[in-house]
Amino acid sequence: MKKYKHIYFDLDRTLWDFETNSQLVLKEIYIKHQLQSRGIPTFNDFHKSYLPINHQLWDNYRIGAINKEFLNLERFYATLRSFNIQDKALAKAIGNDYVNLSPHQTALFPGTHELLNKLQHDYHLHIITNGFLEVQTIKLKTSKLENYFEKIIISETTPWKKPTPDLFLFALEQANAKAEESLMIGDDINADIKGAAAVGIDQVWTNFTASQVKFLPTYTVSKLIDILNLLN
Ligand SMILES: [Mg+2]
């Protein structure tokens with residue numbers, strides 16, 4: 001493998017175990033807001049309804065069709081409506097709780113600290129994330145990740161989001177890095193992998209779920225720790 005100098009990591013679903021963390025918070029919310037007595041029979045019913053709604057809204061947010069305030073409210077308002085609960089104030093309270101509680105969760109994918117510990121000696125490590133500023137900052141701190149990274153590029157603080165090439169070019173410029181000496185590591189085939197490829201950055205796709213895609217990333221791993229073998 002060629003010698004890279006800069007490694008850019010995605011955060012959510014690449015290092016920070018979004019699904020596990022999110023599920024813990026949603027469970028807390030389901031109990032706190034007594035959603036069973038409001039007509040949502042089980043937590044699983046709530047969760048199953050929420051997931052596709054959230055997913056769709058994130059797609060809309062990523063292309064700029066909706067803003068984050070709408071996303072935050074609507075993902076819970078639409079979930080409640082799917083159980084015939086018309087309560088915007090409740091959706092708002094849940095949305096606030098979700099945003100406040102989520103970043104304090106600390107589940108990481110196995111090998112995160114081991115990988116970063118080793119890589120930090122030989123590479124400049126950076127983050128490029130599409131998450132929200134206040135949320136991602138807390139996550140990095142509470143999960144004890146912030147000290148590994150030199151540049152933390154949070155799309156919300158720029159005019160762009162992954163996979164927009166301008167965001168990757170901005171990230172390169174921030175770190176004084178060249179595309180050909182950089183590597184992007186992420187779970188999202190569109191935002192992270194195709195986005196990086198479009199500006200000439202090699203990519204490692206962290207495919208933890210054995211997904212099938214047509215696009216061929218530079219490298220693919222099924223576990224974080226396998227990245228160490230790639231770089232040797
Ligand atoms: Mg991700």
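In this text, all values refer to a predicted model and were calculated from it rather than measured experimentally. Read the numbers this way: they start at 1 and go in the same order the structure lists the ligands and their atoms.
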Counterpart residues, salt bridge (charged side-chain N to carboxylate O under 4.0 Å, His left out), relative to [X] (two or more places apart):
X	result
Lys32	Asp97
Lys92	none
Lys27	none

cation_pi(Arg81, Tyr77) dist<6.0 Å, angle<=45:
yes

Counting only protein N, O or S atoms and ignoring waters, those under 2.8 Å from the Mg ion (ligand 1) are Asp10 OD2, Asp12 O, Asp187 OD1

Quick check for you: to the nearest 0.5 Å, what is the distance between Leu71 atom CG and Ile66 atom CD1?
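It is 5.0 Å, given to the nearest 0.5 Å.
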
Starting at CG of Leu167, measure out to OG1 of Thr158 and round the result to the nearest 0.5 Å.
5.0 Å

